[in-house]
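The block underneath contains the structure these notes are about, expressed in structure tokens.
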Amino acid sequence: MASNTDISEHQRSARRRLRIIAGHLQRSEQDGAAALSAQECKAETPRPSAAKGTAVPKRRQEIMKWNGWGYSDSRFLFNKKGQAEFTGRRYRLSGLILPSLKDWFEGTFGANLQHKTPATASLSVSAVPPPNLNELLVEELKAAGVALSSNPEDRVFRSHGHCLHEIFALREGRIGRIPDMVVWPSCHDDVVKIVELASKHNVCLIPYGGGTSVSSALECPPEETRSIVSIDTSQMNRILWIDEKNLTAHVEAGIIGQDLERQLNESGYCTGHEPDSMEFSTLGGWVATRASGMKKNIYGNIEDLVVHIKMATPRGVIEKSCQGPRMSTGPDIHHFILGSEGTLGVVTEVTMKIRPIPEYQKYGSIVFPNFQQGVACLREVAKQRCAPASIRLMDNEQFQFGHALKPQVSSIFTSFLDGLKKFYITKFKGFDPHHLCVATLLFEGDREKVLQHEKQVYDIAAKFGGLAAGEDNGQRGYMLTFVIAYLRDLGMDYYVIGESFETSVPWDRVLDLCRNVKERIVRECKDRGVQFPPLSTCRVTQTYDAGACVYFYFAFNYRGLSEPIHVYEQVEHAAREEILANGGSLSHHHGVGKLRKEWMRESVSSVGLGMLKAVKDYVDPNNIFGNRNLL
Amino acid sequence: MASKVLYSVRGPVPRKRDDFEDVLEERRKSSDLRYALKCYTPAVYRNLVPCKAGVLKTLVLQSEAVRYVIEQVAAETGETWEAVQDEASQVLEEMAHRQQLSTIRFFAFTLSKAFKALYRSVRVNEDGVQRLQQAIQEHPVVLLPSHRSYMDFLMMSYLLFTYDLALPVIAAGMDFMSMKFVGEMLRMSGAFFIRRSFGGDKLYWAVFSEYVKTMLRNGYAPLEFFLEGTRSRTAKSLTPKTGLLNIAMEPFFKGEVFDVNLVPVSISYERILEESLYARELLGVPKPKESTSGLLKARRILSEDFGTMHVYFGAPVSVRSLSQGHIGRSQYNLVPRHIPQRPAADTQAFVNDVAFHLVRLQEENMVLKPWALISTLLLQNPNGMELSTLIQQADWLRGLALSFGAFLDWPGEMVSKVISSSLAVHRNLVCVSGGRVRLLVPEVSGAECGAEEAEFNRAVSVLSCASYRNQALHIFVRPALLAVSMRSTESCRRDEIYNCFNILRNIFSNEFILCPGASVQDFEEACHLLVKCGALRELQQEVVMSSSGQTTLSFLCSLLEPFLQSYQVVCRYLCEDTQEDLPEKNFVPAVRNFALRLILAGSLSCYEALSSDLQKNALAALVRLNAVKQIKNSDQVILKINKTAVNSLEDTLGGKIPTQKPVLARL
Ligand SMILES: Cc1cc2nc3c(=O)[nH]c(=O)nc-3n(C[C@H](O)[C@H](O)[C@H](O)COP(=O)(O)OP(=O)(O)OC[C@H]3O[C@@H](n4cnc5c(N)ncnc54)[C@H](O)[C@@H]3O)c2cc1C
């Protein structure tokens, strides 16, 4: 149990940890750390209030965009002088000018600041179809005291994730099938009640976490005729207890990543689970999609982190009876839940491993003469099992892209820039700027070990022609991962659409897969009449014993195309086929959703698919959880 | 069947072909030496991993694939790892090329001299060269020239050097290595040498395939080999071999390269260097061992006129596009890619289809000289023709060939002029006297020579001439099979005709390039062409000869006659003149003897029946159709003959079509 004294004892390290997070994610510090709430939730007793100080309010529209990524106050734009800047005050890049972005943007995409494609300014309520409400259900939910709404904005906000086609449609003001109602359970028992009533009245439930899905998982099936109710888990966001003896925390599934880390930090702990979407994505969402965090090398992926899961299904609640660290009790039932993508029930509470906040953190970067050498180095690092908390290898295009995001003036950046210039002259000689690529590193642990570890990694790198390229370079790389999602909106203002997708692949095929997929994208774009060569780039973002996770960015200028989204989807489809043909997996962490389900049979065999179907049929025979993901 | 999608029936519009430029023109104007020493900076593959020929060997020896097999062989044989590796290293030593620019320059110089002496012109489609240059930069390239002469690969390298393209590495048979000096010269110009047979030799296979694949993957150089495996002695395309093609495509199947470009190259000769050599070889005069002195003797021929040579670089064919929908590359996901795996049956079938497809592309772009048509006509008129008749019929045949899509090089409009110029180039084969044109039979020296030798001499002429007719066969073969089918069935019913067509096509599938599984397409193509030229009318269920179709159809039937007759001779021999068990090695001489006896007795006038090529093809067909079985004994192969089956086949060839349920469904 966490006591107040514990908290104060950890005050010092917590502050340090906050500084660390601020390293890549700078928020206005919220005063008044949220108190841990160990309150019981009983549906009949006074409702527990959601933890205070959460970064995302119940009414998301108050601070978030309705048709783009992230906070409303933060966005990229080209100012009157034609310079790119990033607005707001939340991030380290906020308020800064990015002088080279324009040239890069125009050069890479053949885009032109004169050619704008602005989004619809605001959500037109009249475009929102009226809700198809199940009155009896509404009555009973109200009677049970569950918060609900059929306000058009609330519903539109929960109708999508962040796939390109979803955002593109919203920007054009097009609204398709959306949930008819949103409910906000505030605890496990609320969820149980909701599921019960939904089953009773045969309505469709779609769990909603942070809405960061990139697999069409949150899209309402257009063919669904029942009333669709979105279960927004955001109000189930408390850390219910911390167990310091076993280093676990019991947390409600609706908590978002940044709140979880911040609150644990205040007690001197962390989960170490940091997906790039951690500002908004939720614990329940991670479990439901088998998410992967950047620092999985130390902390593990979500499946390694969970000790216990509670899920409410139409059949009842599924959970294990103990918190043993490993069990041989037949197939692990957690693995039916992990990756179930909201098709079986709602994850309500999770017991998660926690770790003391690391004493020391250090960024780093390495420049390689080319991508092959970089991959060879990562492979060796994985072989020696000495991967830092995070190690990512960017290809040359991304290296160049990173350069385009150099801010103009900032004390933190100037020194780095100068350093880089010098670096270019002294060390990059012999490195072809059109081939070299960069790995960014993040080390964590106690100081001495980190320094030792660092040396080990740099020594390996040297064997592959890699040169250490400074801490700042690395830090900047990680900082950018949080703002990069905002860039797509900028692109869409100027005819540029794009997306990322990922896979996992055995080591020996990494290079072949990267080359073939990138090339396939270029070829497909050309074949489909895209006028300018696309941006087709990749990075290796995770290393494993037997392979790696590869992440692709793909974007193009769609001027002259009548159906850009269709073209985009065809190319992405082709790229996925190419991935599969080259020994890559259907997904490493984004999940299947509806976007990739056509390949499920091929991926897991007919028998495998049949097994999953059988589970679905047993757990949810009436398809109450009818988002139609996965199967 | 995979083939269905690979080929499409050609529409009525003849495909557009490129124009030619004469590469010798420049050579005749400027210094050969300066040309040979010119600055040579070819555009290379964009992902080229540069490496020297020596490093290549190390790469191969250290590759996982070769190490894996070394380990395997060591375990199986009990030899040490080092010993097996040594063996591998020797194999590689024996195989590897040692291309160096200086040798290429030497060849560039000497071949310039030789080509100018031999040929009036060497004409190349420069658009094709342009496309090739693009292709080389984009993806690894495999050059697939047709193979009619030793000249082929000398010419290929010569042209690539001339056009500043990356020089190819060329798979060559080991036979060359018996000519020490020439062998080494070729090695230094980029040839690598493969044993003709290495059946179960795992290590050899591993080293060989890894050597080829390493060069491909790294984009080291364009890989060149002959799909037909060996020089065609008859000028007909040979059934393609798939071994090397399979190796060349594997890096794509396994995702090691994004794509591979296959470039068919059609090399056509107005007159072949080896012309009478081939004829003699086919008649059983043993081929001179490929020795250096033999080649030197060839100096004599430098004074002769070999007319014009055409080299057509076809459009690159993307393996990726071909495989689309045929090959699931993910089948390679579950086994490490360096472990040798026998290709799956469907992959094998696919590669086979591709090989046929490519050979047909070669055929399509073969340039036909008027002589090919003239020799066709002369062979149908063994007693010679009036020059005026010849001119008139050649003109007619030209029209027919063109309407069938032939790539004819018909220089000038005056038919008579064209013909006489053609006859001049081939004056060693024909003579014109008293207004009549006929085949020239070499004078037999000495009075005591027997009738046998006289017939042989005649046969040499006929076979030489036939090799030129064969150049045009691919144009006519499908319509000809249809014509014969119509004659045999004496019916107009489409299904019955198709049935016969299918049977004949099946019998002759070792003889002509007929893509496996493409029977329906071939039939439709044949109908289409004959309708187009006005010989046939197609009704709903019927195919009817039009009033003016007689000439065309009987010409086409005559065209196949030597093949029908020769196969019949083989059948007759097997039925009448031999035991049920025949050692395979005796087969060719015995059939030749049998045929010769028939000729001497005056009951056979088809000299082509003496050709070992036809005999072997006939045997292969019989084996394929289960009329003959090959039984391997300890030291030889015995042919077991099913006389009933052979007999019925002979009937079929003679025009008696077995009544079968017509395969309606397939039409
Ligand atoms: C910019 C960006 C960066 C990203 N980076 C990463 C990354 O680094 N690693 C990674 O793994 N993913 C990443 N993703 C993908 C996405 O963030 C993850 O899939 C995440 O786990 C989704 O969580 P969420 O809370 O937003 O879920 P949502 O998007 O709301 O929902 C996702 C799916 O889970 C279901 N679901 C949600 N909550 C529950 C619950 N409590 N019970 C049952 N089902 C539920 C939903 O029905 C839906 O099917 C990224 C996405 C974006 C847009």
Side-chain angles (χ1 to χ4, degrees), chain A residues 369-373 375-376 379 395-396 432 434-435 465 503-527 533 536 538 546-547 550 570 573-586 596 598-605 608, chain B residues 45-51 59 62-65 67-68 134-135 137-140 210 213-214 216-219 249-261 316-341 344 346-347 350:
Chain A
N370 56 43
F371 192 63
Q372 288 88 312
Q373 304 269 76
V375 170
R379 203 280 159 268
D395 69 2
N396 182 261
D432 181 342
H434 295 290
H435 288 290
T503 187
S504 56
V505 58
W507 277 116
D508 71 313
R509 296 177 192 255
V510 170
L511 281 176
D512 288 333
L513 181 135
C514 290
R515 182 200 50 238
N516 289 352
V517 172
K518 288 201 283 184
E519 176 137 10
R520 178 79 182 261
I521 289 172
V522 173
R523 276 258 290 238
E524 295 283 337
C525 281
K526 201 168 152 203
D527 291 351
S536 172
C538 72
V550 181
Q570 284 181 315
H573 190 272
R576 181 58 59 181
E577 300 253 278
E578 192 64 32
I579 287 175
L580 298 176
N582 282 275
S585 65
L586 190 51
R596 284 174 278 272
E598 68 180 281
W599 289 289
M600 267 301 273
R601 184 179 302 277
E602 179 187 329
S603 289
V604 302
S605 80
Chain B
Y45 175 47
R46 65 199 157 117
N47 297 330
L48 176 72
V49 185
C51 92
L59 281 180
Q62 288 174 357
S63 69
E64 277 180 303
R67 288 208 321 251
Y68 177 87
Q134 278 294 319
Q137 294 172 59
E138 295 240 313
H139 303 294
E210 191 58 26
K213 286 192 277 188
T214 305
L216 256 171
R217 283 191 292 248
N218 296 355
M249 286 164 77
E250 210 178 73
F252 167 74
F253 294 155
K254 292 190 168 175
E256 294 163 341
V257 295
F258 183 78
D259 201 350
V260 172
N261 275 322
V317 177
S318 143
V319 174
R320 174 174 279 266
S321 315
L322 285 179
S323 326
Q324 187 88 44
H326 295 283
I327 295 291
R329 282 178 289 155
S330 57
Q331 66 182 295
Y332 298 94
N333 286 353
L334 298 180
V335 178
R337 291 175 294 175
H338 67 268
I339 297 181
Q341 268 179 292
D346 62 337
T347 309
F350 170 72

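Protein chains get the first letters and strands the later ones, always in sequence-line order, with residue 1 at the start of each.
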Among B/R217, B/R337, B/K254, which residue meets the side-chain hydrogen bond (donor to acceptor under 3.5 Å, both in side chains) test with A/D512? B/R337
In plain terms, say whether A/R523 and B/E138 are close enough for a salt bridge, that is, a side-chain N and a carboxylate O under 4.0 Å apart. no
Does a side-chain heavy-atom distance below 4.5 Å link B/N47 with A/R515? yes
Is there a side-chain contact between B/D259 and A/E519 (heavy atoms, below 4.5 Å)? no
Check this for me: A/H435, atom NE2, are more than 12 non-hydrogen atoms of other residues, nucleotides or ligands nearer than 6.0 Å? no
Between A/N516 (side chain only) and B/G255 (backbone N and O only), is there a donor and an acceptor less than 3.5 Å apart? yes
Between A/N582 and B/R329 (side chain of the first, backbone of the second, donor and acceptor by atom type, cut-off under 3.5 Å), is there such a pair? no
Could you give the distance from CD (B/E256) to CG (A/L511), rounded to the nearest 0.5 Å? 11.5 Å
What distance separates A/E578 CD from B/F258 CZ, expressed to the nearest 0.5 Å? 5.5 Å
Taking every non-hydrogen atom, the tightest pair across B/N333 and A/L580: ND2-O, 3.1 Å
Using the test ring-ring contact (aromatic ring centres under 6.0 Å, His included), find all partners of A/W599 that sit at least two apart in sequence or belong to another chain. A/H573
